[in-house]
Amino acid sequence: MVFDEVKNFINGEFKSGSSSKIHTVISPLDGKELTTFNESTMEDLNEIISFAQKAQKAWQKVTLKERVQVFYKYKQLLEQNSIELTEIIYRENGKIHGEAKAEIDKAIELTEFACSLPQFVNGENMEVSKGVYCSSTKLPLGIVASIVPFNFPTMVPHWTIVNAIALGNAFILKPSEAVPISSQYTAKLLKEAGLPDGLFNIINGTQSTVENLCDHPDIKAITFVGSTKVAKIVYQRASHNLKQVLALGGAKNHIILLPDAHPDMASSNIVASMSGCAGQRCMAAATLIAVGNCDAILDKLIDDANKIQCGTTLGAVISKAAKEKIESYITEAEQQGAKIILDGRNTTVPGKENGFYVGPTIIDYATADMCVAKEEIFGPVLTIVRVNTIDEALAIENANPYGNACSVFTQSGGLANYVTENASAGMCGVNIGVPVPREPFGFGGWNESRFGSGDITGKSAIGFFTKEKKTTTKWNPEAGTNWMS
């Protein structure tokens with residue numbers, strides 16, 4: 001094995017799951033075994049909860065300004081260990097090194113935001129009537145949990161870890177069974193940064209572990225990131241058990257290309273969006289709606305995409321099953337009459353013949369009702385649908401059941417505003433292929449891309465991980481009274 005056995009992290013110590021069922025972690029790069037882990041049980045979760053409850057009670061008594069000092073040190077450790085952390089993501093997820101390093105950089109940015117929370121989490125105090133004062137404070141929920149996907153082994157967990165703990169909660173992370181290695185290093189660095197034991201915990205497993213998290217009465221809130229199908233299940237099950245839930249699902253993001261778009265800017269951004277992280281991200285460009293005659297821009301786009309090289313500028317997809325699924329979409333589109341302009345099927349990388357690679361793929365002359373234009377493929381595949389007017393393009397975008405992202409490429413401010421005002425998406429971009437907000441703005445889509453309220457990052461996350469206490473006070477008996485006092 002390349003890495004040590006993956007273990008749960010309980011009260012500051014690594015401990016194997018108590019089930020005898022063992023899972024093997026496979027590298028998408030070459031199909032080789034990386035490590036193993038034991039499935040966890042409710043007994044493991046109960047052990048985590050018992051320690052977390054004690055740790056959290058002490059932690060919430062520490063002031064917010066003191067709590068975030070841990071994350072100043074943790075940020076430094078992320079920076080100092082970025083090369084090693086990048087290599088781990090490369091090995092377990094299959095991303096190219098540049099993408100893996102960018103993920104660590106984003107985790108550092110998210111940690112910086114957590115360090116700034118004392119500037120955002122301020123109680124209010126107001127004299128609401130003569131001699132009567134109302135004040136509000138934000139308090140932690142208790143124990144919270146996050147269930148995270150395979151596509152960002154470090155970044156997505158940091159959407160929640162640092163904010164939740166800084167705000168006074170104890171935290172349980174359930175990593176994807178496909179990429180559980182990065183989280184082991186998160187645990188080590190948090191402990192080295194001085195985070196008290198019991199506040200950050202890891203539980204490894206599959207479906208039964210997720211169900212246990214949704215059902216456990218002592219977990220007050222759950223976040224989930226993954227497919228829409230599972231997001232719905234998690235939201236329904238956890239909210240049925242009276243938890244606060246925010247479950248982010250899949251997407252089918254649209255890019256509306258107008259003929260006046262800057263050719264170089266449009267081409268480079270769209271190609272990067274459709275192929276970055278091998279297309280395995282919920283903000284990837286998936287369907288390109290070309291309005292009118294955009295042939296010159298599309299020709300450049302195809303030429304730029306053709307320069308992408310698997311194994312160097314394009315990483316692997318997560319598994320053999322994922323590769324087969326992506327390729328089946330391409331085949332189906334071809335059978336339905338779409339034109340495969342660039343074909344990434346049956347791609348291999350010399351020296352890594354057992355790896356899971358799909359080359360950049362561009363499908364043209366698709367219709368909006370084809371599966372390749374409607375469903376989330378989660379691979380480096382761009383589907384082009386051609387229309388005559390901007391309103392036709394928006395009609396296709398609005399009919400999409402998801403609502404993560406929509407971008408428009410144009411040099412007209414008026415047309416850009418028209419698209420962003422009328423798109424049914426929570427995150428919009430103008431001449432940007434991946435319109436992910438930066439802190440303090442929050443990440444969160446609409447429609448079937450999000451179940452629950454608020455965003456998972458930024459200032460909106462403060463409300464999710466805290467509860468508000470309001471206090472009304474009157475000390476002066478001589479103060480004048482009215483109906484409010």
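Being a predicted model, the structure only gives us computed values, none of them experimental. We number each residue from 1, following the sequence as shown.
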### Message
If I take atom OG from residue Ser275 and atom CG from residue Leu314, how far apart are they, to the nearest 0.5 angstrom?
### Response
6.0 Å
### Task
Return the minimal non-hydrogen interatomic distance between Asn38 and Ser19, and the atom names on each side.
ND2-O, 2.8 Å
### Message
Quiz question: by atom type and distance under 3.5 Å, do the side chains of Tyr418 and Asp391 form a donor-acceptor pair?
### Response
yes
### Query
Can you check whether Thr36's main-chain N or O pairs, donor with acceptor, with Thr24's side chain at less than 3.5 Å?
no
#### Entry: Carboxylate-amine/guanidinium contact Glu211 Arg237, below 4.0 Å
yes
### Query
Considering only heavy atoms from C-beta outward, does the side chain of Ile202 approach that of Gln184 to under 4.5 Å?
yes
### Query
Considering all heavy atoms of both residues, which atom of Ala425 and which atom of Cys406 are nearest to each other, and what is their separation?
CB-N, 3.9 Å
### Over 12 non-hydrogen atoms of neighbours within 6.0 angstrom of NZ in Lys300
yes
### Task
In sequence, state the C-alpha distance, the side-chain angles, and the governing distance for Ile26 and Phe356, and then conclude on side-chain contact (heavy atoms from CB on, under 4.5 Å).
CA-CA 11 Å; Ile26 303 295; Phe356 312 128; 4.3 Å; yes
### Euclidean distance, Ile203 CD1 relative to Leu45 CG, rounded to 0.5 Å
4.5 Å
### Query
Tell me, do Ile88 and Tyr185 make a side-chain contact under 4.5 Å, heavy atoms counted?
yes
### Task
May I ask you to decide if Thr457's main-chain N or O and Glu439's side chain share a donor-acceptor pair within less than 3.5 Å?
no
### Query
Among side-chain atoms of Ser424 and Asn447, is any donor-acceptor pair under 3.5 angstrom?
yes
### Message
So does Gln119 get a backbone contact from the side chain of Ser116, meaning a donor-acceptor N/O pair under 3.5 Å?
### Response
no
#### Entry: Within 6.0 angstrom of Phe441 CZ, more than 12 heavy atoms from elsewhere
no
### Summary
Nearest heavy-atom contact between Pro28 and Ala316 is O-CB, 3.5 Å
### Message
Looking at Pro263, is its backbone amide N or carbonyl O close enough to the side chain of Ser267 to form a donor-acceptor pair, meaning the two atoms are under 3.5 Å apart?
### Response
no
#### Entry: Lys374/Asp369 ion pair, N-O < 4.0 Å
no
### Message
Which residue in the set Leu301, Ile363, Thr287 passes side-chain contact (heavy atoms from CB on, under 4.5 Å) when paired with Leu382?
### Response
Leu301
#### Entry: Contact summary for Pro437 and Phe443, nearest pair of heavy atoms
CD-CD1, 4.4 Å
### Query
Is a side-chain donor or acceptor of Asp343 paired with a backbone partner of Ile340 at a separation under 3.5 angstrom?
no
### Task
Using only heavy-atom distances, determine whether the side chains of His262 and Gln411 contain a donor-acceptor pair under 3.5 Å.
no
#### Entry: Short side-chain donor-acceptor distance under 3.5 Å, Ser182 and Glu92
yes
### Query
So does Glu327 pair up with Arg345, basic N to acidic O under 4.0 Å?
no
### Query
When rounded to the nearest 0.5 angstrom, what distance separates CG in Leu258 from OG1 in Thr410?
4.5 Å
### Task
State yes or no: are the ring centers of Phe451 and Phe224 separated by less than 6.0 Å?
no
### Task
Say whether, by atom type as modelled, one donor and one acceptor occur between the side chain of Ser328 and the main chain of Lys325 under 3.5 angstrom.
yes
### Task
Find the distance between CD1 (Ile384) and CD1 (Ile255) and round it off to the nearest 0.5 Å.
11.0 Å
### Message
Between Glu112 and Lys106 (salt bridge meaning N to carboxylate O under 4.0 Å), is one present in this structure?
### Response
no
### Message
Ring-plane angle category for His158 and Tyr74, please: parallel below 30°, perpendicular beyond 60°, tilted otherwise.
### Response
parallel
### Message
Would you compute the distance between atom CG of Asn212 and atom CE of Met42 and round it to the nearest 0.5 angstrom?
### Response
3.5 Å
### Task
Check whether any side-chain heavy atom of Leu117 sits under 4.5 Å from a side-chain heavy atom of Asn163, and report yes or no.
yes
### Query
Between Ile222 and Cys214, is any pair of side-chain heavy atoms under 4.5 Å apart?
yes
### Message
So that I can tick it off, tell me whether Asp295 and Arg386 are bridged by a salt bridge, with the cut-off set at under 4.0 angstrom between side-chain N and carboxylate O.
### Response
yes
### Query
Is there a donor-acceptor pair under 3.5 Å between the side chain of Lys174 and the backbone N or O of Gly205?
yes
### Task
Output yes when a side-chain donor or acceptor of Ser146 lies under 3.5 Å from a complementary backbone atom of Thr160, and no otherwise.
no
#### Entry: Modelled atom types, side-chain donor and acceptor of Asp30 and Asn354, under 3.5 Å
no
### Query
Is Lys339 paired with Glu334 through a side-chain N to carboxylate O contact shorter than 4.0 Å?
no
### Message
Is there a side-chain contact between Thr186 and Ile161 in this structure, where contact means two heavy atoms from C-beta onward sitting under 4.5 Å apart?
### Response
yes
### Task
Using atom types as modelled and distance alone, determine if a side-chain donor or acceptor of Asp44 lies under 3.5 Å from a backbone N or O of Gly17.
no
### Task
May I ask you to test the Met274-Val381 pair for a side-chain heavy-atom distance under 4.5 Å?
no
### Task
Could you go through the side-chain contact (heavy atoms from CB on, under 4.5 Å) check for Leu173 and Val148 one step at a time?
CA-CA 8 Å; Leu173 177 68; Val148 296; 3.9 Å; yes
### Query
Taking C-beta and beyond as the side chain, do Val358 and Thr347 meet within less than 4.5 Å on heavy atoms?
no
### Message
How long is the straight-line distance from CD1 of Ile256 back to SG of Cys294, given to the nearest 0.5 Å?
### Response
11.0 Å
### Any donor-acceptor N or O pair under 3.5 Å, side chains Glu376, Tyr402
no
### Message
Checking Ser273 against Asn269 for the side-chain contact (heavy atoms from CB on, under 4.5 Å) test, could you report, in this order, the C-alpha distance in whole Å, the side-chain angles of both residues, the deciding distance, and whether it holds?
### Response
CA-CA 6 Å; Ser273 181; Asn269 274 268; over 6 Å; no
### Message
Please evaluate residues Lys101 and His97 with respect to the criterion side-chain contact (heavy atoms from CB on, under 4.5 Å), reporting the C-alpha separation (whole Å), side-chain torsions for both, the decisive distance (0.1 Å), and the verdict.
### Response
CA-CA 6 Å; Lys101 175 61 166 58; His97 282 91; over 6 Å; no
### Query
Can you find a heavy atom in the side chain of Lys220 that is under 4.5 Å from one in the side chain of Ile143?
no
### Donor-acceptor side-chain pairing of Asn8 and Ser40 below 3.5 angstrom
yes
## Note on the structure
Pro360 and Ile308 have their tightest heavy-atom pair at CG-CB, 3.9 Å
### Query
Quick check: does any side chain N or O of Asn201 sit under 3.5 Å from a backbone N or O of Ile48, one acting as donor and the other as acceptor?
no
### Task
State, to 0.1 Å, how close Val408 and Ala416 come at their nearest heavy-atom pair, and which atoms those are.
CG1-CA, 4.0 Å
### Message
Just to verify, which of Lys21, Glu177, Glu39 counts as forming a side-chain hydrogen bond (donor to acceptor under 3.5 Å, both in side chains) with Thr206?
### Response
Glu39
